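Whatever order the structure lists them in is the order used to number ligands and atoms, beginning at 1. As the structure is a computational prediction, the values presented were derived from the model and not from experiment.
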Amino acid sequence: MVQPEEQARLYRPRPELLPAAHVPSLADYRRLYRRSVEKPQEFWGDVAKEFYWKQQQQPWVPFLWYNFDATKGRIFIEWMKGAKTNVCYNLLDRNVGEKKLGDKVAFYWEGNEPGDSMKITYGELLRKVCQFANVLHNHGVKKGDRISIYLPMILELVIAMLACARIGAIHSVVFAGFSADSLCERILDCGCSLLITADAFYRGDKLVNLKQIADEALQKSKDKGFPLKKCIVVKHLGREEIAADEEIAADGACSQSPPLKRLCQDVQEKKTESSQRLHPKIPWDPHMDVWWQDLMSGASTECEPEWCDSEDELFILYTSGSTGKPKGVLHTVGGYMLYAATSFKYVFDYQPEDIYWCTADIGWITGHSYITYGPLANGATSVLFEGIPTYPDAGRMWSIIDKYKVTKFYTAPTAIRLLMKYGEELVKKHSRKSLKVLGTVGEPINPEAWLWYYRVVGEERCPIVDTFWQTETGGHMLTPLPAATPMKPGSATFPFFGVVPAIVNESGEELEGEAEGYLVFKQPWPGIMRTLYGNHQQFETTYFKKFPGYYVTGDGCRRDKDGYYWITGRIDDMLNVSGHLLSTAEVESALLGHAAVSEAAVVSHPHPLKGECLYCFVTLKDGHEFTKDLADELKKQVREKIGPIATPDYIQNAPSLPKTRSGKITRRILRKIAQNDRDLGDISTLVNPGIINQLFNNRCDTKL
Ligand code: PRX
């Protein structure tokens, strides 16, 4: 248990970081911060000068133009509108040409299987991106077209994103852990013209037959009247098979590369079971499907970038919405590029010799901003990891850190808590002496996990940047800077440049000093989303209506006497499972899709590793009986509708649900029942208080 004085203590940056740091002291941070919020045009104007603009209005007129107040008309945010650039050109061509980084490694790719690795330089990446951009052109893809990308953590994912950016197409990356239904929903919502996927991949020892799931999604989309014309498939597992077959054909010998060796052995020994495991059957429609590798081999390595307006769309990324339907968060070219690049540089105190590793999946915003766009904009070398922290054992993260001499490491509290469980010995078996800065993102980090990360992983040498932000914000909002900010375990500390946070009460009044309430932001920063794709009205209602003049995060927050911000968690109908946002409505609708369920209510429940998990109350239709088999079926239903991350931990039988007179389910009370907490507060507004005891009684055997 962390003692209060330990949590209140300030953990100061170590002096060794200071000499080279971009922001070496708190006073420097304050000076830069003041300029960034008082003179945003000047501050971001200087940042913009570090990028290439094909055509720039002279001077920038207007550099920033916006309305944040829904009572004064339409909400809009425009940064550098009228100026023309290309994100891919800035990330690759300039690094290769002007900055002479062509031979520098952009990514070390580390596969799921230890020993399976590759690297790609900036020069090679540029050539491959151009090739794929030409492939897209050859398939008729134009500026403004939407392209869905459903890929595991492989280099082709980055290549596909940047190829879209190069030709002005809008990418919509869908996390490869999502189900066919979720993929189909996202394809339909953005009306994409083409899907890019892979044959299959392993996550740990679990095979994911991605092509099969993609095919189901495409069939569903066709059934709904939206047939896609092409599906480009990366031969990922298949590339190992080809290599293995070729090698055997050549001399019957086995490769020294562990995954190939395993494949060769399996092929040679014809072990039915394991060769089944390694050679999944890939469904194939010759009219629709085409191999990535076949298209690339004939494509030119040069491709003129499309010069886009700073306010043209760059990508859509879906995030959970409280209505249950995912929201297509839209980011645009210029502002996002500036913000991802600048936050990466300062928050990780990026130095040219760094080896940076972010363990997030590119299917989430963290991977977009801090694997693809931010690091490449800075010419950084990153590790791209396909696997999971516990395969083949729970020392994998630390061994990768040693293998590549990682200096800056960015992960999630849920991963830290998971690895804590395996004890210190496994960490200490590895050197980790290359590490300089540690980061976390995705959910509040509990002080125990923070201190373990700080003491055991970083040996009290590495500052921890606890970065609070959202898909919608594009980049970090509240965060320490490694050499400048004294840290408090569990606090995201202070605002990043350009960010003006406030805490407001239910009536929208700003609270000063020590306070707790709704976290809002007062003026636009370059990375803020511009709209929800195809639904500007929902954008205005969700983020700007409750408190006119402010962007509303949906998070609760406390400011302490020293001005430190502490995120207290979501205060809307969202929950955060292992750092992934889910909406209760989305899970409820998946449960309601089952023939036996008449009503469902989902609440968040504390979980030692995941932070929060799903606790579901279901009311069955007449004639159905609540059994373990039914509970398992319901869990499967949710997994299939949304994806494994949404699998409920608890399903409880609820003969009926506590409701107010207006028929609203009181989730507050359900949360208490889930936690067996009988301190229910006021229940006088309930129309059916009698159900409460029954729900408490049902809870004992609920973990089925
Ligand atoms: O509740 C906050 C939590 O994650 C939400 C945003 O989720 P998403 O859009 O999926 O983006 C996650 C990665 C940026 C926030 O509204 N959250 C994120 N980072 C933190 C956090 N909560 C507390 N501390 C953090 N560092």
Starting from atom 20 (C) of ligand 1, locate the nearest protein heavy atom and write down its residue, its atom name and how far away it is, to 0.1 Å.
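The closest heavy atom on the protein side is Glu443 N, 3.5 Å.
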Among all the protein's non-hydrogen atoms, which is closest to atom 23 (C) of ligand 1, and how far away is it?
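Among all protein heavy atoms, the one nearest atom 23 (C) of ligand 1 is Pro444 N, 3.0 Å.
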Would you check the N or O atoms of Asp555, main chain and side chain alike, for any that come under 3.5 Å of an N or O of ligand 1?
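Yes, there is a polar N/O contact under 3.5 Å.
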Below 3.5 Å, N or O to N or O, backbone or side chain included: is there any such pair between Thr471 and ligand 1?
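There is such a contact, yes.
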Given [options], the one that forms side chain to side chain contact (heavy atoms under 4.5 Å, CB included) with [X]:
X: Trp357; options: Leu384, Ile371, Ile401; answer: Ile401
X: Trp469; options: Leu478, Thr479, Thr366; answer: Thr366
X: Cys557; options: Trp566, Tyr565, Tyr518; answer: Tyr565

Mode of [X] contact toward ligand 1 - side chain, backbone, both, neither (heavy atoms, under 4.0 Å):
X: Thr467; result: backbone
X: Gln470; result: both
X: Arg570; result: side chain

Within a distance under 4.0 Å of any heavy atom of [X], pick out the atoms of ligand 1 and give their elements.
X: Leu581; value: 7 (O)
X: Ile567; value: 22 (N), 23 (C)
X: Val441; value: 13 (C), 14 (C)
X: Trp469; value: 6 (C), 14 (C), 15 (C), 18 (C), 19 (N)
X: Thr366; value: 13 (C), 14 (C)
X: Asn576; value: 3 (C), 4 (O)

Minimal heavy-atom distance between Arg203 and Asn112, with the atoms involved, is C-OD1, 3.8 Å
ring-ring contact (aromatic ring centres under 6.0 Å, His included) with His476: which of Tyr370, Tyr346, Phe468, Tyr339?
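Between His476 and the candidates, ring-ring contact (aromatic ring centres under 6.0 Å, His included) is satisfied uniquely by Tyr370.
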Tell me whether Lys436 at atom NZ has more than 12 heavy atoms from other residues, nucleotides or ligands lying less than 6.0 Å away.
no
Below 30° counts as parallel, above 60° as perpendicular, anything between as tilted: where do the rings of Tyr543 and Phe539 land?
tilted
Audit row: Glu510, Tyr550, side-chain hydrogen bond (donor to acceptor under 3.5 Å, both in side chains) steps and yes/no
CA-CA 11 Å; Glu510 266 188 48; Tyr550 301 98; 2.6 Å; yes
Go through the steps for Ser179 and Glu640 under the test side-chain hydrogen bond (donor to acceptor under 3.5 Å, both in side chains), then give the verdict.
CA-CA 6 Å; Ser179 65; Glu640 283 174 1; over 6 Å; no
Please state whether Gly442 comes within less than 4.0 angstrom of ligand 1, counting heavy atoms only.
yes
